[in-house]
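By convention here, the first residue in the shown sequence is residue 1.
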Amino acid sequence: MRVLVTGGAGFIGSHVVEALSARGHEPVVFDVRDDPGADVRDPVAVARALDGVDAVSHQAAMVGLGNGVVDAAEYVSRNDLGTAVLLSAMAEAGVGRLVLAGSMVVYGEGRYGCRRHAVVRPGPRAAGELDAGRFEPACPLCGEELEPGLVAEDAPADPRNVYAATKLTQEHLAAAWARSTGGTGVSLRYHNVYGPRMPRDTPYAGVASFFRSALARGEAPPVFEDGRQRRDFVHVRDVAAANVVALEAGADAGTLTAYNTGSGEPHTVGELARALADACGGPEPVVTGEYRLGDVRHITADSSRLRDRLGWRPEIGFEDGMREFAREQ
């Protein structure tokens, strides 16, 4: 299978390219890092790149929380306009298979249970509560403490920042493309991806990269809030393998199917910082109490749909992955 990989020179995309090659496929890299003219927003360049292609793995995106809404137009341009241009060109070229780099950020907060009201969805956390160090969301009906759980693909979308809004829009565009063309689409809703080639020293990098950069400078990793916020850290090679599995399996014609793509092992951000500090032999993490208003408290995946339907299994455990990540130059 000849597969166009947008963003194929980037963090996740480069691993997808390697995984495709290892399975005997022919990846075609489309990335502004390799060629300034390879902009997914350019209809001519995209149409040219799709020539002779059987499927697309769409990894090109502007990621991370960024700078609030200051860079909202850039997020929308790169993520949503870029996806629209790509899908339009795929329709023209008759390319009917797509795997989209989705994200768990479309859910907003994760799944919560209340002793009195069962499953509830807390609203965005107020700045006043966060300033006072009250980081855990309360039940919106009774104000009682909540128990976080795993979020499944049928949970309502509730994007809490600009990046999240653009990732949800990508899915809506892809679903419209699938319905209109009869194409098969998969959105892999990545959880917190980490591993070799992860961007560093940029406001758009992930928390694992921030911690590793601090340790490389001999500084203690600064942990926001109280460090107890839960995430699902999944290794980039496992994510790349999920892309290949999804491309080979396809999906029902005319649909976009979402799959959570996580390790299935929730860890706190504090545990992440401690694991990296131990692996690097660096200073102990420091809990700062600071926060970012667009962040959610807990978001962890139920990835059983991907396991059960497509047979994908993550192979790299948290401890082994963190040791490798800490050693990478």
* Asked: Are side-chain N/O atoms of R189 and Y107 paired as donor and acceptor at under 3.5 Å?
  -> yes
* Asked: Using a distance-only test with no angle check, is there a side-chain donor-acceptor pair under 3.5 angstrom linking Y163 and D71?
  -> no
* Asked: So do R292 and F224 actually touch side chain to side chain, heavy atoms under 4.5 Å?
  -> yes
* To do: Report yes if the side chains of V85 and P43 come closer than 4.5 Å at any heavy-atom pair, otherwise no.
  => yes
* For side-chain contact (heavy atoms from CB on, under 4.5 Å), just list the numbers for E145 and Y112, CA-CA rounded to whole Å, side-chain angles, deciding distance to a tenth of an Å, and then say yes or no. => CA-CA 10 Å; E145 183 178 341; Y112 290 87; over 6 Å; no
* Considering only NZ, NE, NH1 and NH2 on the basic side and carboxylate oxygens on the acidic side, decide whether E248 and R97 come within less than 4.0 Å. => no
* To do: Using a strict cut-off of less than 4.0 Å between a Lys/Arg side-chain nitrogen and an Asp/Glu carboxylate oxygen, indicate whether E74 and R78 qualify as a salt bridge.
  => yes
* Asked: Is the backbone of V17 close enough, under 3.5 Å, to the side chain of S21 for a donor and an acceptor to pair up by distance?
  -> yes
* **Donor-acceptor pair between H235 and S263 side chains, under 3.5 angstrom** => no
* State which residues pass side chain to side chain donor-acceptor pair (under 3.5 Å) with R297; sequence neighbours excluded, sorted by chain then number. => E136, E225, D226
* Just say parallel, tilted or perpendicular for the rings of F325 and Y194, cut-offs at 30° and 60°. => perpendicular
* **For R237, salt bridge (Lys or Arg N to Asp or Glu O under 4.0 Å) partners two or more places apart** => E324
* Sub-3.5 Å donor-acceptor pair from the side chain of T83 to the main-chain atoms of D80, do we have one? -> no
* Asked: For A60, does its backbone N or O pair with a side-chain atom of T6 as donor and acceptor, under 3.5 Å?
  -> yes
* Does R23 use its side chain to pair, donor to acceptor, with the backbone of A19 at less than 3.5 Å? -> no
* Check whether V28 and V5 end up in the same hydrophobic cluster, where Ile, Leu, Val, Met, Phe, Trp and Tyr are linked by side-chain heavy atoms less than 4.5 Å apart. => no
* **Partners passing salt bridge (Lys or Arg N to Asp or Glu O under 4.0 Å) against R323 (at least two apart in sequence or in another chain)** => D320
* Residues that H15 engages under ring pair (Phe, Tyr, Trp, His ring centres under 6.0 Å), provided they are two or more places apart -> none
* Asked: Is the backbone N or O of D302 less than 3.5 Å from a side-chain atom of N260, with the two atoms forming a donor-acceptor pair by type?
  -> yes
* Counting N and O atoms only, with roles assigned by atom type, does the side chain of Q229 sit under 3.5 Å from a partner on the main chain of G227, one being a donor and the other an acceptor? -> yes
* Residues, nucleotides or ligands: over 12 heavy atoms within 6.0 Å of E219 CD -> yes
* Asked: Do other residues, nucleotides or ligands put more than 12 heavy atoms under 6.0 Å from the CZ atom of R116?
  -> no
* Asked: With sequence neighbours excluded, what pairs up with R231 under the salt bridge (Lys or Arg N to Asp or Glu O under 4.0 Å) test?
  -> none
* To do: For D39, check salt bridge (Lys or Arg N to Asp or Glu O under 4.0 Å) against everything at least two apart and list the hits.
  => R41
